[in-house]
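Data block below; observations after.
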2 protein chains.
Amino acid sequence: MADRLQLELGDYLPYLINRVGAALVDRFVAEKLSGAGLGIADWRVLVVLSTRGAQRQVDVAEQTSIDVSTLSRLIARMVRNGFVTRERAPHNNREVLVQLTAKGRAVMDRLIPHGRQLETIAVEGLNERELDIVRRSLRQMYGNLTQRPAGDTPQGSVSKRSARKGV
Amino acid sequence: MADRLQLELGDYLPYLINRVGAALVDRFVAEKLSGAGLGIADWRVLVVLSTRGAQRQVDVAEQTSIDVSTLSRLIARMVRNGFVTRERAPHNNREVLVQLTAKGRAVMDRLIPHGRQLETIAVEGLNERELDIVRRSLRQMYGNLTQRPAGDTPQGSVSKRSARKGV
DNA sequence: TTACAACAATTGCAAATGCACCTATGGTGT
DNA sequence: ACACCATAGGTGCATTTGCAATTGTTGTAA
């Protein structure tokens, strides 16, 4: 009888994270991406490519939590729209490397400062020490959550499995 | 020339939040919800109802970041499956009050402890002080992000506009 | 009271999503 | 060399999604 079977939403981290994530997406889509003809998924793909360079689709999928089949079609559209290229990897004929075009790079050069600015708006009122704790805590949480629950894949391979929905 | 036009993903809060959110959803869906025949959206609706009692659909939509039209269909399915009831509000014939059935309550009594446990797993390695800062920071961020950007709706109405995608 | 605006919920419809399956290539062990 | 499994990517198809109406209701101002 100790514990009321409720969740205090204002304290429940999954809820808080979902809300902040949704608010971030809402604002960025409404204020910046729509105008550029992009969706949030496009933005995430472009960020990964612009920050980490050419990638295989499967790796982009892993880093964005977008399903590989969805991503396949998404990249096809982005190729049609001229933001990225998709070409077979040298010396490996089943992999495909996706990378930014000049146009994609240009769009990101314009959008990234806005992305930074959104973060700045979001963290207004927090000091550096708190911000640092938040960042480190989120990284730690991600690690905790992506650890094998018990005896899952006994052998090697650090991660690989992931993404069901886009949260 | 000062700023390289990139985002350090490991430090970029929107990215971190998206990743942690996705990881939380992945695990909870895979480990608990699938088995109960529920999706993440059902869970979010049930949490809101079980924590805050009977609600209008529009308010549930606001609190879950689910679009009202999507929610309308979602609730219809949940009614068919016996988790909630939907009945017109007394003295107001255009509103509908959604609330848990005994079955819905029972499912939540079983799931909520798992929801708590997931949070516990996620925050392993963080101390109370850090946890407190993370919670307060997220609440603050949500507030910062949902403030009117400038001169948006000069008159009344605190919020109302929201949710585009489900993040 | 009679218009008219705001609001809550629903529905039509096209687009997006994700699972299951398929194809093609690469790697491994015998 | 061969069979075999794992991997990367793409497709078919049913379901889900969300925007734009549409319907019905309430509130309010002339």
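These figures come from a predicted structure and were not determined experimentally. Lettering follows sequence order; numbering is per chain, from 1.
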Inset, instruction - Nearest 0.5 Å please: distance from the OG1 atom of B:T64 over to the CD1 atom of B:I40. - result: 11.0 Å
Legend entry - Rounded distance [0.5 Å steps], OG in A:S50 versus CG in A:D109: 8.0 Å
Integer-rounded Å distance: [N] [atom2] and [X] [atom1]:
X     : N      : atom1 : atom2 : value
A:L74 : C:dA15 : CG    : P     : 16 Å
B:H91 : C:dA8  : NE2   : P     : 19 Å
B:D67 : C:dA8  : CG    : P     : 14 Å
B:L71 : C:dT10 : CG    : P     : 9 Å
B:Q57 : D:dT25 : CD    : P     : 16 Å
A:E87 : D:dA8  : CD    : P     : 18 Å
A:D59 : D:dT7  : CG    : P     : 13 Å
B:E62 : C:dA8  : CD    : P     : 12 Å

Inset, instruction - Assess the side chains of B:Q63 and B:D59: does a donor N or O sit below 3.5 Å from an acceptor N or O? - result: no
Inset, instruction - Please determine which of A:R105, A:Q99, A:Q55, A:R44 meets the side chain to side chain contact (heavy atoms under 4.5 Å, CB included) test together with A:L49. - result: A:Q55
Legend entry - Result of checking B:I66, B:V84, B:D42, B:T70 against B:I75 for side chain to side chain contact (heavy atoms under 4.5 Å, CB included): B:V84
Inset, instruction - Would you tell me if any nitrogen or oxygen in the side chain of A:R86 comes within less than 4.0 Å of OP1 or OP2 on D:dG10? - result: yes
Legend entry - Side-chain N,O (B:R94) to OP1/OP2 (C:dC7) below 4.0 Å: no
Which nucleotide in the list [options] gets nearest to the side chain of [X]?
X     : options                : value
B:E95 : C:dA9, D:dT26, D:dT11  : C:dA9
A:R73 : D:dG18, C:dC19, C:dA9  : C:dC19
A:T70 : D:dG18, C:dT17, C:dA9  : C:dT17
B:R88 : D:dT11, D:dG18, C:dA9  : C:dA9
A:N92 : C:dT10, C:dG26, C:dC19 : C:dG26

